[in-house]
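Worksheet: one structure, shown below.
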Amino acid sequence: MHVALWRVMCDMKMIPFKPNIQSIRPYEPGKPIKELQREYGIRNVTKLASNENPLGRPSTDVLRAMRKAIREVHLYPDGSCYYLLERLAGEIDIPKDQIIFGNGSNEIIELVARGFLSEGDEVISSEMSFLVYPILTQVCGGRFKAVPMTKDYRYDLDGILAQITERTKLVFIVNPNNPTGTYLTAREMDAFLAKVPPRVIVCFDEAYVDFVEAADFPRSLSYIREGRPNVIVLRTFSKAYGLAGLRVGYAVTSREMTEYLHKVRQPFNVNLVAQAAAVAAIEDKFYLWKTKRLVKTGRKYFYKKFKQLGLEYLPSQANFVLVNVKRSGSEIFQELLRSGMIVRAMGAYKLPDWIRVTVGRRSENAQFIRLLKACLTEKT
Ligand SMILES: Cc1ncc(COP(=O)(O)O)c(C=O)c1O
């Protein structure tokens, strides 16, 4: 063996890689459009894979605010997100010292994990929820407990309660859930919170809350207004507000919790352009309205078409629909990819026959149905 290579191998053994981190299976994001264009040489690519905004462009007011902000990027951003905080606090009627922003809500999940988990601590969520939770738990040396869903693909709250032990620090509940689109009602959530020991922190991840139509959906911010110290509500500008590429999310929680999480974050965690864009996004009510309307009609369109195709689907409160394609979901995913359509296979969630499709523009939804139909009829 070459001496230099032998040396490198010896050195690698001496690097103190942590086993809990080395054994992590990295999060697989939806395939980027540019990657598919490169790999398959396809020009026209449609991405209905990452639950991004269906309008296919940001708000023009947001673009204007970004153009203005960009002239100042030689400066550090405002570490306190002053204007954004002011605007959002007014919008959701929550005191400013009970809101904290992150580089996407993903960063807040990380702040919570780093802030509360020590070696051997437990985190509980469902087996079909955001894959970032188990990853961050493992990064912090914790133990992730994935509770099976109920038969109707909803969180099993009693199952979660039964798993709580002395070592449990965090419970994550996505509502409405990704990837199922199902939701928990206000009554279910109230009953659950009444039974959770107050030392266990409950994070309600509401990345998709803006798309909810159900009248019995919980008003989670009222848990914060009531002064429950162990509740954190996570929200994002990535979906309905169309800022996924800029990375802005936030948490609403108690004063004490907000102060604590600020100690964990980087001083300039939300960039200057993103802050200006998020303020403009809050102001542009018409963009939000159009987004919601498109999602509502898109979901209905998918339901109708899936019914016609004889496919089982889960009615969704989010901007995506989970459908059982009665074949290998990853095969269908690959076939759709070759036609320039990116969706998500659900193997990672132990749903091998299902795919998740994000609601897009009308023409994109119709294109997806056409291609899916072609995939399904080819094999029969
Ligand atoms: C349930 C859930 N939580 C959080 C996020 C992350 O959102 P953000 O873009 O704000 O980091 C996503 C994104 O897909 C999500 O599905």
Side-chain angles (χ1 to χ4, degrees), residues 26-32 47-54 58 62 81 84 88 99-114 123-137 144 146 149 153-155 170-184 202-212 217 220 232-252 261 265-266 269-271 274-275 277-278 281-282 291 295 314 316-322 342-344 346 348-349 351 356-360:
Y27 178 77
E28 271 184 48
K31 215 176 193 22
K47 186 181 175 206
L48 299 178
S50 299
N51 307 334
E52 289 144 336
N53 190 286
V62 162
C81 297
L84 177 54
L88 181 70
I99 300 172
I100 175 169
F101 290 97
N103 184 37
S105 57
N106 211 116
E107 190 197 11
I108 314 250
I109 300 168
E110 189 170 349
L111 298 183
V112 173
R114 285 176 39 222
V123 176
I124 309 177
S125 191
S126 131
E127 65 178 356
M128 283 177 207
S129 63
F130 198 33
L131 294 172
V132 162
Y133 308 143
I135 292 176
L136 287 173
T137 304
F144 187 77
M149 298 288 266
Y153 300 94
R154 295 177 346 115
Y155 270 64
L170 304 170
V171 173
F172 283 101
I173 293 183
V174 187
N175 203 27
N177 188 39
N178 176 15
T180 57
T182 52
Y183 76 104
L184 294 165
V202 181
C203 287
F204 293 125
D205 187 336
E206 295 190 337
Y208 302 97
V209 71
D210 301 292
F211 306 114
V212 169
F217 190 83
S220 59
I232 301 177
V233 177
L234 303 172
R235 293 189 176 173
T236 182
F237 284 88
S238 295
K239 314 290 176 183
Y241 291 87
L243 303 186
L246 284 174
R247 319 299 303 119
V248 195
Y250 62 94
V252 182
L261 294 176
R265 75 170 175 89
Q266 289 178 40
N269 61 334
V270 181
N271 76 71
Q275 290 187 33
I282 296 173
T291 299
V295 168
L314 300 184
S316 169
Q317 291 292 318
N319 65 336
F320 51 82
V321 182
L322 198 62
I342 317 174
V343 295
R344 279 296 261 275
M346 291 285 110
Y349 296 97
L351 293 167
R356 190 195 67 196
V357 58
T358 303
V359 175

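A quick note: this is a predicted structure, and the numbers were derived from the prediction, not measured. Indexing begins at 1, ligand by ligand and atom by atom, following the structure's order.
- Note on ligand 1: Phe237 sits outside its first shell, no heavy atom being nearer than 4.0 Å.
- For an aromatic pair to be called close, the ring centres must be under 6.0 Å apart, and Tyr208 with Phe320 satisfies this.
- Of the protein's heavy atoms, Lys239 NZ, 2.8 Å lies nearest to atom 14 (O) of ligand 1.
- A donor-acceptor pair under 3.5 Å links the side-chain atoms of Asn319 to the main chain of Asn51, judged by distance alone.
- The distance criterion of under 3.5 Å between nitrogen or oxygen atoms is met by Asn106 with respect to ligand 1.
- When the options Asn175, Leu246, Val174 are ranked by their closest heavy atom to atom 1 (C) of ligand 1, first place goes to Val174.
- A donor-acceptor pair under 3.5 Å links the side-chain atoms of Asn175 to the main chain of Leu184, judged by distance alone.
- Taking atom 12 (C) of ligand 1 as the reference point, the nearest protein heavy-atom neighbour is Phe130 CZ, 3.4 Å.
- The backbone N or O of Leu243 sits nowhere less than 3.5 Å from a side-chain atom of Asn53 that would complete a donor-acceptor pair.
- Atom 3 (N) of ligand 1 has its closest protein heavy atom at Asp205 OD2, 2.6 Å.
- Using a cutoff of 4.0 Å between basic side-chain nitrogens and carboxylate oxygens, Glu52 and Lys47 are scored as salt-bridged.
- Put simply, the side chain of Tyr155 gets close to the backbone of Val174: a donor and an acceptor are under 3.5 Å apart.
- The nearest protein atom to atom 11 (O) of ligand 1, hydrogens excluded, is given as Arg247 NH2, 2.7 Å; this is a heavy-atom distance.
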I would like to know whether Ile173 and Asp205 meet side-chain contact (heavy atoms from CB on, under 4.5 Å); could you show each step before the answer? CA-CA 6 Å; Ile173 293 183; Asp205 187 336; over 6 Å; no
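- Distance from atom 10 (O) of ligand 1 to its nearest protein heavy atom, with residue and atom name: Thr236 OG1, 2.5 Å.
- If you check which protein heavy atom lies closest to atom 9 (O) of ligand 1, you get Ser238 OG, 2.6 Å.
- The shortest contact between atom 7 (O) of ligand 1 and any protein heavy atom is with Ser105 OG, 3.2 Å.
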